[in-house]
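The block underneath contains the structure these notes are about, expressed in structure tokens.
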There are 2 protein chains.
Amino acid sequence: MSASSFSELPEPPYYVVTFSSQRTEGHNGYLAMGQAMAELAAQQPGYLGMESVRGEDGFGITNSYWKDEESIRAWKRVMDHVAAQTRGRAEWYSRYQVRVALVQRAYGFTKKDG
Amino acid sequence: MSASSFSELPEPPYYVVTFSSQRTEGHNGYLAMGQAMAELAAQQPGYLGMESVRGEDGFGITNSYWKDEESIRAWKRVMDHVAAQTRGRAEWYSRYQVRVALVQRAYGFTKKDG
């Protein structure tokens with residue numbers, strides 16, 4: 001998945017789906033799939049944003065943010081459908097872990113210019 | 001923060017603190033601080049694990065996992081204390097965002113050998 005930058009989100013409560021994954025060696029169409037999935041996610045009802053990063057060792061974390069549980073379930077059905085049509089997770093990931101969580105509070109810091 | 005691998009966690013519910021950040025240029029003692037903070041976190045009551053990754057562009061996500069809100073609040077007091085004693089966030093990060101969330105369900109996939 002792409003989107004290696006901050007999502008601008010509403011005030012909590014909202015949901016985060018945090019996806020930790022270890023990539024296998026080689027591309028195997030992964031980059032194109034990631035881009036397509038990110039674009040597809042952004043079209044879903046209840047989608048709020050996505051933040052994603054992968055290190056050189058292939059370990060990555062993607063957080064996607066959603067309005068409610070129903071929008072997460074609908075998105076999972078879309079992903080399962082895509083996975084069924086592609087070589088999918090057994091080829092792209094040696095391991096992954098999904099955690100669905102209700103964001104209760106949020107705060108941040110932005111450095112002032114100058 | 002270090003720990004670029006999967007945490008072995010109990011069944012939900014538990015909490016995740018997801019920390020998205022953009023690093024400034026240069027090290028400025030950041031790597032040593034990150035290592036020290038990860039070791040300190042692991043000693044805190046209620047600590048369950050940490051997963052962290054940062055890309056080449058300096059954007060990173062660190063998830064730390066906690067038993068309950070009280071352990072998160074206690075850890076924040078420790079971090080604020082450390083930040084007050086160091087050059088801290090204004091030097092290390094151009095921006096960060098912290099989200100505290102209750103993990104309600106989790107599932108995963110591990111590739112079988114062979």
Side-chain angles (χ1 to χ4, degrees), chain A residues 2-9 11-24 49-65 69 72-73 76 83 88-113, chain B residues 2-9 11-24 49-65 69 72-73 76 83 88-113:
Chain A
S2 56
S4 180
S5 60
F6 293 92
S7 291
E8 304 301 331
L9 299 176
E11 290 294 305
Y14 51 83
Y15 280 82
V16 58
V17 178
T18 185
F19 178 82
S20 301
S21 62
Q22 181 66 51
R23 281 279 285 116
T24 49
M50 184 178 291
E51 297 174 344
S52 186
V53 57
R54 190 169 303 281
E56 291 181 9
D57 61 357
F59 184 77
I61 298 176
T62 295
N63 287 347
S64 61
Y65 302 100
E69 288 198 270
I72 293 170
R73 279 191 290 266
K76 185 174 186 302
R89 57 196 184 193
E91 192 155 340
W92 289 319
Y93 302 111
S94 58
R95 181 175 175 189
Y96 68 72
Q97 188 69 37
V98 180
R99 297 178 181 103
V100 178
L102 173 61
V103 177
Q104 298 177 329
R105 51 196 172 90
Y107 58 94
F109 164 86
T110 301
K111 195 170 194 167
K112 292 181 182 67
D113 293 335
Chain B
S2 56
S4 180
S5 60
F6 293 92
S7 291
E8 304 302 330
L9 299 176
E11 289 295 306
Y14 51 82
Y15 280 83
V16 58
V17 178
T18 185
F19 178 82
S20 301
S21 62
Q22 181 65 51
R23 281 278 286 118
T24 49
M50 183 177 294
E51 298 175 343
S52 186
V53 57
R54 189 170 302 281
E56 291 182 9
D57 62 356
F59 185 77
I61 299 176
T62 295
N63 286 348
S64 60
Y65 302 99
E69 287 199 271
I72 293 171
R73 279 191 290 267
K76 184 174 188 303
R89 59 194 182 191
E91 193 154 340
W92 288 319
Y93 303 112
S94 58
R95 183 175 175 188
Y96 67 73
Q97 188 69 38
V98 180
R99 298 179 181 103
V100 178
L102 174 61
V103 177
Q104 298 177 330
R105 52 197 173 89
Y107 58 94
F109 164 86
T110 301
K111 195 170 194 166
K112 292 182 181 65
D113 292 335

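First the proteins, then the strands, lettered A, B, ... as listed; each starts at 1.
For chain A, the nearby part of B/V16 is the side chain; its heavy atoms alone come within less than 4.5 Å. Of the atoms belonging to B/T24, it is side-chain heavy atoms, and not backbone ones, that fall under 4.5 Å from chain A. When heavy atoms are compared at a cutoff of 4.5 Å, B/F19 does not approach chain A at all.
In terms of heavy-atom pairs under 4.5 angstrom with chain B, the leader among A/G60, A/P13, A/S94 is A/S94. Between chain A and the options B/I61, B/T18, B/L9, B/V103, the largest number of non-hydrogen pairs under 4.5 Å is found for B/I61. Ranking B/N63, B/V17, B/L102 against chain A, the residue ahead of the rest is B/L102, based on heavy-atom pairs under 4.5 Å.
B/R54 and B/S21 form a side-chain donor-acceptor contact under 3.5 Å, judged by distance and modelled atom types alone.
Checking side-chain atoms of B/S20 against main-chain N and O of B/Y96 turns up no donor-acceptor pair under 3.5 Å. Checking side-chain atoms of B/E51 against main-chain N and O of B/S7 turns up a donor-acceptor pair under 3.5 Å.
Evaluation of the salt bridge (Lys or Arg N to Asp or Glu O under 4.0 Å) rule for A/R23 yields no partner, not counting sequence neighbours. Not counting sequence neighbours, A/E56 has no partner by the salt bridge (Lys or Arg N to Asp or Glu O under 4.0 Å) test.
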